[in-house]
Each structure stands twice: as structure tokens, then as C-alpha cells.
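Position 1 is the first residue of the sequence, and the numbers go up from there. When reading the values below, keep in mind they use all heavy atoms of this one structure, side chains included, and skip hydrogens, waters and symmetry mates.
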Amino acid sequence: WKNKMITLAPFFMILVMFADFWNRVCAYDRAGIFPKSSVSFGDFWIYLYGGMKVYRPQDGTVFLFPVIWILLLAMPAFLTLHYPFRDMLDIGPQILCRSGSRKNWWLSKCFWNLCCTTCFYLIVLLTALFLCILWKRPLTADLHPRVIQILFQLTDQPTEVSPLLPWYTF
């Protein structure tokens with residue numbers, strides 16, 4: 001049961017993040033800031049991996065912790081490192097001693113981490129695509145500078161956006 005929940009964790013995480021993204025987009029649409037019909041998969045992708053604007057400490061400037069970005073980068077570490085940690089508390093030391101090759105044991109754990117991290121980000125990508133299809137958002141990498149400017153509160157930043165920006169995360 002625990003392994004199934006670990007596999008479903010990225011799916012539920014992206015569901016919550018998409019709900020937050022869509023609620024913001026709808027609020028900005030109701031306020032007349034930008035129409036929600038212009039939002040695409042590329043905008044959601046940047047919302048997930050965009051991080052935050054450069055923080056410059058000044059009087060009255062509040063640091064907004066980039067929770068979404070940190071979760072997307074930290075969660076794979078917690079999910080993948082659970083197995084080697086549990087393995088070392090269980091039968092891992094015996095396997096390590098009986099196999100006679102610490103190097104092979106270590107390489108197998110590294111390969112496990114690589115596979116799990118790849119699967120995590122694949123689940124994130126497929127879930128994001130599925131949600132955009134479900135909400136009838138265009139599956140394009142188009143970025144709308146106004147959407148990015150508002151979502152990331154970039155008031156003093158230029159709004160020129162490279163068309164390749166969503167693909168830089170790969």
C-alpha cells in the first residue's frame with residue numbers, strides 16, 4: 001500500500017498545483033486582467049518550473065518562498081531515497097556483505113534513483129498534459145508574457161519571452 005501511495009504522490013501533487021494555477025487564472029479572468037482562454041500548457045509548465053523572481057531585500061519586501069518549485073525538486077529525493085534507507089535498515093547489510101561487491105550494490109541504488117526520478121517527472125508531465133486536455137487548454141508551448149508577468153508578479157521585469165523557454169526544463 002505504501003509503495004502505491006509513493007507512486008501516486010506526484011499525480012496528486014500536480015492535481016493540487018493545477019487547481020491553484022487554474023483558480024489564479026480564473027480570478028485574473030474575472031478581474032479582466034487577462035482572458036483564461038489564452039492560457040496554454042506552456043504557461044502551466046512555466047508555472048510549475050518557473051521558480052520565482054530575483055529576491056532583492058529592501059524595506060518592506062517580503063520573501064515569498066517558491067513552494068511549488070521546491071516541491072517539484074525535493075519530492076523526488078524523498079520518494080527515491082526511501083527505498084535505499086529502508087533497505088539498509090532491513091536486509092541491505094546482509095546483501096551487501098554476501099554479494100561481495102559494494103560497488104555493484106551502490107550502482108544498483110544509483111540506477112534505482114535514476115529510474116524513479118525519471119518516472120516521477122514523466123508522471124508530472126503526463127498529468128499536466130492530461131489536465132490541460134481535460135480543461136481544454138491548448139497543448140502548445142506558447143507562453144503568454146502577460147500571464148507569466150502576473151503569475152510571478154514580475155512588475156519590473158521585461159516581458160520578452162523566448163519561445164523555447166518551456167523546453168529549457170528538459
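Under the 4.5 Å side-chain heavy-atom criterion for ILVMFWY residues, a single connected hydrophobic cluster contains both W135 and V25. Under the 4.5 Å side-chain heavy-atom criterion for Ile, Leu, Val, Met, Phe, Trp and Tyr, L122 and F111 are members of distinct hydrophobic clusters. Using a 4.5 Å cut-off between side-chain heavy atoms of Ile, Leu, Val, Met, Phe, Trp and Tyr, with links allowed through other members, F78 and M75 fall into different hydrophobic clusters. Linking ILVMFWY side-chain heavy atoms closer than 4.5 Å, directly or via other members, places L107 and W112 in two distinct hydrophobic clusters. Grouping the Ile, Leu, Val, Met, Phe, Trp and Tyr side chains by contacts below 4.5 angstrom, directly or via other members, places L114 apart from I123.
In this structure, L134 CG and T127 OG1 are separated by 11.5 Å, a value rounded to the nearest 0.5 Å. If you take OG on S40 and CD1 on I46, they are separated by 10.0 Å, rounding to the nearest 0.5 Å. For the atom pair CG of L131 and CG of L126, the computed distance is 11.0 Å after rounding to the nearest 0.5 Å.
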Could you list the donor-acceptor pairs under 3.5 angstrom formed by side chains in residues 15-23, with sequence neighbours left out?
unit_1: D20; atom_1: OD2; unit_2: R24; atom_2: NE; d: 3.3
unit_1: D20; atom_1: OD2; unit_2: Y47; atom_2: OH; d: 2.1
unit_1: N23; atom_1: ND2; unit_2: A19; atom_2: O; d: 3.2

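Closest approach of K36 to R137, counting heavy atoms only: O-NH1, 2.9 Å. Minimum interatomic distance between L72 and P76 (heavy atoms only, all atoms of both residues): O-CD, 3.4 Å. When all heavy atoms are compared, the tightest approach of T80 to C116 is CG2-CB, 3.0 Å.
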Test V124 against Y49 for side-chain contact (heavy atoms from CB on, under 4.5 Å), laying out the working first.
CA-CA 11 Å; V124 167; Y49 290 99; 3.7 Å; yes
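You'll find the side chain of Y28 stays beyond 4.5 Å of the side chain of V39, heavy atoms only. Annotation: side chain of C132 is not in contact with side chain of L129 (no heavy-atom distance under 4.5 Å). Side chains of L125 and W45 form a contact here, defined as non-hydrogen atoms less than 4.5 Å apart. Looking at T140 and F41, their side chains never come closer than 4.5 Å, going by heavy atoms from C-beta outward.
Screening L73, V67, I68 against L71 for a side-chain contact (heavy atoms from CB on, under 4.5 Å) leaves a single residue, V67.
Counting only distance, with no hydrogens or angles, the side chain of N113 and the backbone of C110 share no donor-acceptor pair below 3.5 Å. Under the 3.5 Å distance criterion, the side-chain polar atoms of S38 are matched with a main-chain donor or acceptor of P35.
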